[in-house]
Each structure stands twice: as C-alpha cells, then as structure tokens.
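In the text below, chain A, chain B and the rest are named by the order of the sequence lines, each starting its count at 1. Keep in mind that this is a model prediction, so the values were computed, not measured.
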Amino acid sequence: MLRLFNSLKREKETFRPLGEVVGIYTCGPSVYQYAHIGNFRTFIFEDILVRYLKFKGYQVKRVMNLTDIEDKAISTARKEGKTLWDLTGYHTKVFFEDMKTLNLLPADVFPKATDYIPDIIAIIKKLMENGYAYSGTDGSIYYDVSKFRGWGELSHLKLKAGKKKIKRDEWGEESAIISDFALWKSYEKEDGDVFWETELGKGRPGWHIECSAMCTKYLGTRFDMHIGGVDNIFPHHEAVIAQNFGAFGENPSRYWLHCRHLMVDGKKMSKSAGNFYTMRDLLDMGYEPMAIKYLLLSMNYRRRLNFTFEGLVDAGRKLEKMRNTIEMLKFSNGGDDAENMRKTMKNFERALDDNLNTGKALKIMEELTDEISRINPDRESGEKILGTYRFFDSILGLGFFKPS
RNA sequence: GCCAAGGUGGCGGAACGGCUACGCAAUCGCCUGCAGAGCGAUUCCAUUCCGGUUCGAAUCCGGACCUUGGCUCCA
C-alpha cells in the first residue's frame, strides 16, 4: 500500500485513486532559462512516482505544463533581443533533451500556457460571474481573496485578506503578506509584442491562472495529484486552489505532493540566489547524467538534500560498482546459490510504498550488490539476480540495461 | 514575528525504546607486470545541552540552544 505525504494535511496518507485513471498534474519548468538540477529533483521524483504507480497496476494520465509566459520570461527575451517565442522555444527543446538525458519518461501532455488563452479567459469570466474577481483601476483583473474562505489551507499560513502588513524582522522591512493577485494583466509598454486582444481587454494572463485552465482541461475539475516543488506551495498552489474553487467549487486535487529543496553547501539552490548548477554545467565538468540522478535519488524527496561534488563522485562510484556486478552476472557460472531475491524485491517495494523512499530503495540495491560481489552465483541464480536488477531499473531508470 | 523541518563518529548518513548500520576517509593485507578497480581485515571514548518517564532512551515527554526552509521571483 502506497502512502504519500499530503501537504494539505501535513501527513502521510494511503493512496486511493479517485477513478480508473490516476490523473497527475505537475508544475513544470519555466522555459526562459536552463533548468537547474534542483528543478530536476522534482521531475525525477515525479517520474519515479509515475513508473511506480504503473508497476502497481494503475493507469496514469500525466500532464506537465510548460510556463512560457511570465514577467521574467518577457524581460529576459527583451534583454537578449529575442522574441518570447524564440526564447521559450529554445528552452523547451533543451528541457526535453535534459529529460531524455536523465532517462525520464515524457508526460502524456505538455501543454504550454500561451496555447490556452481561450480557456484562461473562460475561467476568468466564470470567476467574475461567481463574484470572485473584479476589474482594477489599471484595467487588470484580480482575484478577490476575501471571498475565498479556504485561503491559506495548503500553505498553513494565517493569511488575512486585505492590505494588512506584517513586519519581517529578518529584512527589517514591511511587506504585505497578502493581497489580491492578478488573473489578467492589462497591457504595458514593457510587454512589447506579447499581448492578446480579448474581451477582457488587451493584455496577458497572470501567473497562476494557466495551471487552473490546463489542469481542468485535461484532468477535469477533480483529479488525483498535483505535484511541484515546495516553493510552489505559496503563493502559486494556494492561488490555483482559490481559482478552481471560485470557478468550479472544489479543490482540484486530492493529493498535493511537494518535493523539498536541493541545497548547495547548506543553502537553498535557486535561480534567484545564483548558486545553481544546470545539467550542462555538470556534464561539461565530466560528470555523467546517471550519477547526478543517483545522487538526487539518494534521499527521500521529503527531506532536504545537500548537493556536494563529493556526493556526486560517490554516487558515480556506486553506480559503476553496480554496472560491474551486472556485467559479471551475465557470465556467472559459479556454484553459489542466491535465493533471497524475493525478500530483496519485497523490501524494495516496501521502501517505495513508504512515501517513495528512494534513498532506502537505493540502499537495498547497494546491499544486494555488496552481497553478490562476495559470492560466485551459479547460472540460474545469476539470471534471477539480473531479473531483480531489471525490476529495480524499470522503476528507478538508471539505464543499467540500455542497449549500448 | 508567524509556520515548518532538522541537530548522530573526521565527513556523509541509517536506525527511532534494549543487540550502536553502512559508505567515504585512515591503517594493514590479498589480488595485480605497474596503476586502477575489486576483495578481506583493522582503527575511531558518535547520538547538541539540561531535566523527566523507564529495568533500559539517539529513539518517548518537557525545557533550552543552534542550523535550515516558507511567509507574493523560485522545482
């Protein structure tokens, strides 16, 4: 029985699907710059979750959005002298390449925000009809947070509607903890040629609305899982819930799963801090993709993982050892019997059942490898052990059996 | 300020009421034309602090202290 940590309840819950097909929506990358390996921690987690669900016999429909419009994307394009479409097109391509390099299965659908303007408009209109949205004096349309009672339920923040200010001691500055957010942003000069002429006026969608539009379009108003990094919890996911509630009367997802941050030298890895590594950074340094993946899997997704080059080297070494062992097994013809495969597979499954504990799963694989390198299995056992590795690899996707 | 997570050997990290993993590093062997890899063995008074519960606590309860994350850029 698979148990998953639901951010909504802040506890592990047994997974029970809503229907025949498990619907999964993931907040994918913002395609205006290279994704960093912290981003990929989330996508790797999600990939393994999907593979595991399929192994468990579920049918899965998986949607991963590509955010191809937002303030930063527009300003980056302008800075680099490109059109928004050139910029996001290029980074979408790179993202898909990186996914492939990490042996991640593609989602069933990769919708990008700018393809769903009519759906976005429809939801905003619904929100206005239902009294959850209003036109601002600047011509933009805003969500009226005071109308939504569930505001703050996911982030567990005591969010109050209005313009109330709280003091943030750390920065010694005042900041509004809450305000209404834009659903539709009216046109400004800085937007250049990025706008749509619509019945809501000339402008572009706000940051959160595209997820409401696309998840509803492909998975309906109520589906199984919504996945993202913890930094999406507030405000993004909180806003998505508010939007869906305002438009359709319910929280769109039953489980909200959030991957914790990847740290570098004890600090959060993020684009804003500038302390991040992209896939190509690491590949250019000579590290292999599967070692990166191995390292990212070495810790349960609900715990913070500190990225170090030492850890990366170590991961590569472990991987190499497994590859050697698998190679050796292909020609094994010793006299030793290896019969506890079933127990090993069971333990592996138990580790993943417990909130997808990939760190523990890897450890089980390491222990198996250690054990085998000490004996000389006979032909039949060798085959059995290879089968076990195949099973592990079908879920972890470490490329042990890729045709070379 | 509010809400969370966590503090285990030189380092990384399991265990989560009793038998104190494992990996790296270090030392010594075996293997090897050399090197690497591998295998075996050995070493290290490790559970932040103070109370409490218990026959017994790293593990449970209270209280300190420290670190990290979130509080409208973010996976």
### Query
Has A:Lys321 got a side-chain N or O lying under 4.0 Å from the OP1 or OP2 atom of B:rC39?
yes

### Task
Just compare B:rG69, B:rA4, B:rC73 and give me whichever is closest to any side-chain atom of A:Arg10.
B:rA4

### Task
Between A:Ser155 and A:Gly266, just flag the one whose closest nucleotide in RNA chain B comes earlier from the 5' side.
A:Ser155

### Message
Measuring from atom NZ of A:Lys360 to atom CG of A:Asp354, what distance do you get when rounded to the nearest 0.5 angstrom?
### Response
6.5 Å

### Task
Could you tell me which residues satisfy ring pair (Phe, Tyr, Trp, His ring centres under 6.0 Å) with A:His208, sequence neighbours excluded, listed by chain and number?
A:Phe181, A:His236

### Message
Angle between ring planes, A:Phe15 versus A:Tyr58, binned at 30° and 60°: parallel, tilted or perpendicular?
### Response
perpendicular

### Task
Please state whether the rings of A:Phe307 and A:Phe309 are parallel, tilted or perpendicular, taking 30° and 60° as the class boundaries.
perpendicular

### Query
For nucleotides 21-28 of chain B, read 5' to 3', which letter fits each nucleotide if B means a protein heavy atom sits under 4.0 Å from the base, S means only the sugar-phosphate is that close, and - means neither?
B-SS----

### Query
Pairs in or reaching into residues 342-375 of chain A: which pass ring-ring contact (aromatic ring centres under 6.0 Å, His included), with residues at least two apart or in two chains?
A:Phe348-A:Phe391, A:Phe348-A:Phe392

### Query
Quick one: stems for RNA chain B, with Watson-Crick or G-U pairs under 3.5 Å, at least three in a row?
B:1-7 with B:65-71, B:10-12 with B:22-24, B:26-30 with B:38-42, B:48-52 with B:60-64

### Query
Residues two or more places apart in sequence or in another chain: which of them pass side-chain hydrogen bond (donor to acceptor under 3.5 Å, both in side chains) with A:Thr325?
none

### Query
Sequence neighbours excluded, which residues qualify as side-chain hydrogen bond (donor to acceptor under 3.5 Å, both in side chains) partners of A:Arg41?
none

### Query
Can you find a heavy atom in the side chain of A:Tyr34 that is under 4.5 Å from one in the side chain of A:Asp281?
no

